[in-house]
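For clarity, every value in this text was computed on a predicted model and none was experimentally measured.
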Amino acid sequence: RSVDYMGIPFPPMQTLATMIFDGVLDRFPDLRIGVIEQGAIWLPSWIRQMESAFEAFHRHEERLQRLSLRPGEYVRRQIRATPYPTEDVGWIIEQAGPEVALFSSDYPHVEGGRRPLERFEASLGDASPAVRQAFYCDNFLDLMGTAGTALAAA
């Protein structure tokens, strides 16, 4: 339902922000996290909100002072999320970076729609072949690590 849909991203946002601020992604730089079936339209504003929190509290919180990267850099390095086909994936990629979004049809759920590829393609607009390759393939392989390499070879 529409009202339930609005609350979907809050648990991942809070959990992932805590993992970033508490240094988990700093201590485990090879850890990759996939946020699947939660949408991705929230990513750009969430990244900006974390950057704002980092700026506001960096001087007073030792945990933030110990981080070797800014919050958005951890996201681009280690977190991947699947947008719903109804979300503007082109805008998400423009705002959050081409490393973050990865393809998923969300089939057979209603929010997956009947023509997810057509919707994503329309949303990607004039995105480069490299951006499309990252979205449809490479970001998934990065998420999967060595298991992804084995899948690509098969």
Side-chain angles (χ1 to χ4, degrees), residues 1-106 109 111-112 116 119-120 122-149:
R1 297 178 324 182
S2 59
V3 174
D4 299 327
Y5 176 85
M6 296 306 297
I8 287 172
F10 293 117
M13 289 167 62
Q14 183 71 46
T15 301
L16 294 169
T18 301
M19 291 177 75
I20 290 169
F21 291 155
D22 284 349
V24 174
L25 300 187
D26 199 49
R27 289 190 305 277
F28 300 97
D30 294 329
L31 176 66
R32 296 295 184 269
I33 299 170
V35 184
I36 314 300
E37 294 193 17
Q38 307 294 302
I41 199 75
W42 51 272
L43 283 167
S45 62
W46 173 67
I47 291 169
R48 284 195 176 194
Q49 186 176 13
M50 283 194 300
E51 292 288 341
S52 178
F54 182 84
E55 287 297 322
F57 296 99
H58 183 262
R59 287 186 316 164
H60 305 291
E61 290 188 24
E62 288 182 30
R63 66 181 180 172
L64 298 179
Q65 294 167 9
R66 288 192 296 265
L67 295 177
S68 61
L69 301 173
R70 296 187 60 87
E73 293 173 306
Y74 290 108
V75 174
R76 285 183 285 284
R77 183 177 78 180
Q78 294 175 257
I79 297 174
R80 306 291 173 259
T82 57
Y84 297 126
T86 55
E87 296 178 338
D88 188 345
V89 70
W91 179 82
I92 295 166
I93 290 169
E94 286 173 9
Q95 299 299 312
E99 314 87 346
V100 178
L102 62 112
F103 171 77
S104 170
S105 70
D106 207 27
H109 299 147
E111 62 270 16
R119 284 183 150 176
F120 283 134
S123 174
L124 285 167
D126 63 352
S128 71
V131 167
R132 282 181 159 76
Q133 176 71 22
F135 175 66
Y136 287 117
C137 179
D138 294 346
N139 293 344
F140 173 75
L141 294 175
D142 179 65
L143 172 68
M144 297 303 293
T146 56
T149 304

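- Ring orientation note: the planes of W46 and W42 are nearly perpendicular, at an angle over 60° on the 30°/60° scale.
- Residues satisfying the side chain to side chain donor-acceptor pair (under 3.5 Å) criterion with R32, sequence neighbours excluded, are D142.
- Partners of E73 under the side chain to side chain donor-acceptor pair (under 3.5 Å) rule, at least two apart in sequence or in another chain, do not exist in this structure.
- The line from CD1 of I33 to CG of L25 is 5.0 Å long, rounded to the nearest 0.5 Å.
- In this structure, Q49 places its CD atom where only 12 or fewer heavy-atom neighbours from other residues, nucleotides or ligands lie under 6.0 Å away.
- Between atom OG of residue S123 and atom CD of residue E87 there is a gap of 9.5 Å, rounded to the nearest 0.5 Å.
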Can you check side chain to side chain contact (heavy atoms under 4.5 Å, CB included) on F54 and R70, steps first, answer last? CA-CA 8 Å; F54 182 84; R70 296 187 60 87; 3.5 Å; yes

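- Distance check: D30 CG to F28 CZ gives 10.5 Å after rounding to the nearest 0.5 Å.
- Rounding to the nearest 0.5 angstrom, the gap separating the CG atom in N139 from the CG atom in L143 is 9.0 Å.
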Could you list the donor-acceptor pairs under 3.5 angstrom formed between side-chain atoms of residues 10-20 and any protein atom two or more places apart in sequence or on another chain?
from: T15; atom 1: OG1; to: P11; atom 2: O; distance (Å): 2.9
from: T18; atom 1: OG1; to: Q14; atom 2: O; distance (Å): 2.8

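- Aromatic ring centroids of F120 and F135 lie under 6.0 Å apart.
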Let's go through Q95 and I47 carefully: what are the C-alpha distance in whole Å and the side-chain angles of both, what is the deciding distance for side chain to side chain contact (heavy atoms under 4.5 Å, CB included) to 0.1 Å, and is it a yes or a no? CA-CA 9 Å; Q95 299 299 312; I47 291 169; over 6 Å; no

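- Residues passing the ring pair (Phe, Tyr, Trp, His ring centres under 6.0 Å) test with F21: none are found, sequence neighbours excluded.
- Put simply, CG on L64 and CZ on F57 are 9.0 Å apart, with the number rounded to the nearest 0.5 Å.
- Listed by chain and number, the residues in a side-chain contact (heavy atoms from CB on, under 4.5 Å) with A81 are V35, A40, L43 (sequence neighbours excluded).
- Between atom CG of residue D88 and atom CG of residue L124 there is a gap of 9.0 Å, rounded to the nearest 0.5 Å.
- For R66, the side-chain contact (heavy atoms from CB on, under 4.5 Å) partners are E62, R63, not counting sequence neighbours.
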